[in-house]
Amino acid sequence: MYPNRLKGKNILITGAARGMGAANAEAFAAQGANVCLGDLDQAEAQKVADRINAVGNGKAIAVKMDVTKREDNASAVAATVEAFGSINVGLFNAGLNKPRFFMDIDEDNWDMIMNVNTKAMWLGMQETARQMIAQGPEGGPYKLINVGSIASKKPLVDVTVYCTSKYGCLALTECGALGLAEHNITVNGYAPGVVVTPLWEQLDKDLVEIGFKERAGQAYDDIVANNLVIKRVSYPEDITGTASFLASSDSDYMTGQMISVDGGWVTK
Ligand SMILES: NC(=O)c1ccc[n+]([C@@H]2O[C@H](COP(=O)([O-])OP(=O)(O)OC[C@H]3O[C@@H](n4cnc5c(N)ncnc54)[C@H](O)[C@@H]3O)[C@@H](O)[C@H]2O)c1
């Protein structure tokens, strides 16, 4: 960690109450950034913000938001600006999964996953970029960071809608880079593989429930054995370095890229 690498950066993070969003908030603040933690679960997000404020260095606030609502994205951006004076980086991390085999997908499954993982990313990017554009190009390069997945790059039989949503995140990253460059805004992202978080713990249970796996923990074991080059699953701390790099000025000459941080899964 570099203590002042993100000094002067004011960062909105969606889905920051737990998992990778919370870990990134803590890592960013440890490097001097001020962070606004947006989540449906405001109480948990506030606990993360309290931990950050107790440590010192960057400051934190927590806001309640449903990323699928445009007005909540706008108000989270406004809260960031009100607390810290401007916004430099948006990290669009909120996401969920609910596995289904292809013929079992229904409209509810489709809409829930596509709305949170893809439509909300577009809304967050647009509302954040709106503020960045108002701040003027001399304040940039501003950074939008999209959380994709191995499912942005490889088809997976048990999670068609999740793959569709995460391929959409890749498209938003590439198209956003083209569309926002004139405003001195870059758009990049990162694509994890298996990260031990509440999302994966629930997925592990759901995979047994739909009959894709026979026992709890089998999905982890099978992926390590068959898909990963680095023979272990990952933890949020394995991801924070890449997220920090993308939030920092070290990545100023990059746009439209989604970096795989997946233990080599994408190569297999
Ligand atoms: N865990 C993994 O293995 C893995 C792998 C690849 C990609 N990802 C992606 O990384 C991101 C973070 O995942 P995680 O594993 O830390 O998940 P998590 O479930 O631990 O945390 C997700 C957070 O998003 C919040 N959230 C969900 N819906 C929301 C909404 N409508 N509005 C506001 N907040 C909402 C939840 O309350 C939660 O705090 C997601 O986009 C996920 O798809 C995860």
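Numbers here are sequence positions counted from 1. Computed from a predicted structure; not experimentally measured. Indexing begins at 1, ligand by ligand and atom by atom, following the structure's order.
- Some N or O of Tyr162 is nearer than 3.5 Å to an N or O of ligand 1, by distance alone.
- A centroid separation of less than 6.0 Å is found between the aromatic rings of Tyr220 and Trp200.
- Here the closest non-hydrogen pair linking Lys154 and Cys163 is O-SG, 3.6 Å.
- Considering both main-chain and side-chain atoms, Trp200 comes within under 3.5 Å of ligand 1 through a nitrogen or oxygen pair.
- Side-chain N/O atoms of Glu127 and Gln131 include no donor and acceptor closer than 3.5 Å.
- If you number the atoms of ligand 1 from 1 as listed, the ones under 4.0 Å from a heavy atom of Asp66 come out as 30 (C), 31 (N), 32 (N).
- Those atoms of ligand 1 with a heavy atom of Ala17 less than 4.0 angstrom away are 39 (O).
- Within the 3.5 Å criterion, the main-chain N or O of Pro99 finds no donor-acceptor partner in the side chain of Asp206.
- For atom 29 (C) of ligand 1, the nearest non-hydrogen atom of the protein is Leu40 CD1, 3.7 Å.
- Remark: distances from the non-hydrogen atoms of Ala22 to ligand 1 are all 4.0 Å or more.
- At under 3.5 Å, a nitrogen or oxygen of Met20, whether backbone or side chain, sits near a nitrogen or oxygen of ligand 1.
- The neighbour count for Lys119 NZ, taken as heavy atoms of other residues, nucleotides or ligands under 6.0 Å away, does not exceed 12.
- Under a 4.0 Å N-O distance rule, the pair Lys143/Asp252 qualifies as a salt bridge.
- If you check which protein heavy atom lies closest to atom 15 (O) of ligand 1, you get Thr197 OG1, 2.5 Å.
- Nearest to atom 21 (O) of ligand 1 among the protein's heavy atoms is Arg18 NE, 3.5 Å.
- Here the heavy atom of the protein found nearest to atom 25 (C) of ligand 1 is Asp39 OD2, 3.4 Å.
- With hydrogens left out, the protein atom closest to atom 27 (C) of ligand 1 is Gly95 O, 4.2 Å, a heavy atom.
- For Arg215 and Asp221, the salt-bridge test passes: some basic side-chain N is under 4.0 Å from an acidic carboxylate O.
- Atom CD of Gln218 has more than 12 heavy atoms from other residues, nucleotides or ligands within 6.0 Å.
- In summary, the atoms of ligand 1 found under 4.0 Å from a heavy atom of Gly19, numbered by their order in the structure, are 16 (O), 20 (O).
- When non-hydrogen atoms are compared, ligand 1 lies under 4.0 Å from the side chain of Lys166 (C-beta onward) but not from its backbone.
- At most 12 heavy atoms of other shown residues, nucleotides or ligands fall within 6.0 angstrom of atom NZ in Lys69.
- Ligand 1 has no nitrogen or oxygen under 3.5 angstrom from a nitrogen or oxygen of Val194.
- Ligand 1 has an N or O atom lying under 3.5 Å from an N or O atom of Val67, backbone or side chain.
- With a 6.0 Å cutoff to the six-membered ring centre and a 45° limit on the axis angle, Arg70 counts as a cation-pi contact of Trp122.
- Here's the thing with Asn93: one of its N/O atoms is less than 3.5 angstrom from an N/O atom of ligand 1.
- Among all protein heavy atoms, the one lying closest to atom 35 (C) of ligand 1 is Ala94 CB, 3.9 Å.
- When only modelled atom types and interatomic distance are considered, Gln31 and Ser244 share a side-chain donor-acceptor pair under 3.5 Å.
- The shortest contact between atom 7 (C) of ligand 1 and any protein heavy atom is with Gly148 O, 3.2 Å.
- Counting atoms of ligand 1 from 1 in the listed order, those under 4.0 Å from a heavy atom of Pro192 are 5 (C), 6 (C), 7 (C).
- The closest heavy-atom contact to atom 33 (C) of ligand 1, among the options Met121, Met65, Glu44, Glu201, comes from Met65.
- In this structure, the side chain of Asp262 does not engage the main chain of Gly193 through any donor-acceptor pair within 3.5 Å.
- If you check which protein heavy atom lies closest to atom 5 (C) of ligand 1, you get Gly193 O, 3.1 Å.
- One option in Val196, Val116, Leu203, Leu199 has a heavy atom closer to atom 17 (O) of ligand 1 than any other, and that option is Leu199.
- Dense packing is recorded around NZ of Lys153, with more than 12 heavy atoms of other residues, nucleotides or ligands lying under 6.0 Å away.
- Atoms of ligand 1 lying under 4.0 Å from any heavy atom of Pro198, numbered from 1 in the order shown and given with element: 20 (O).
- Heavy-atom separations between Val147 and ligand 1 include at least one value shorter than 4.0 Å.
- Note on Leu207 and Val195: separate hydrophobic clusters, where clusters join Ile, Leu, Val, Met, Phe, Trp and Tyr whose side-chain heavy atoms are under 4.5 Å apart, directly or indirectly.
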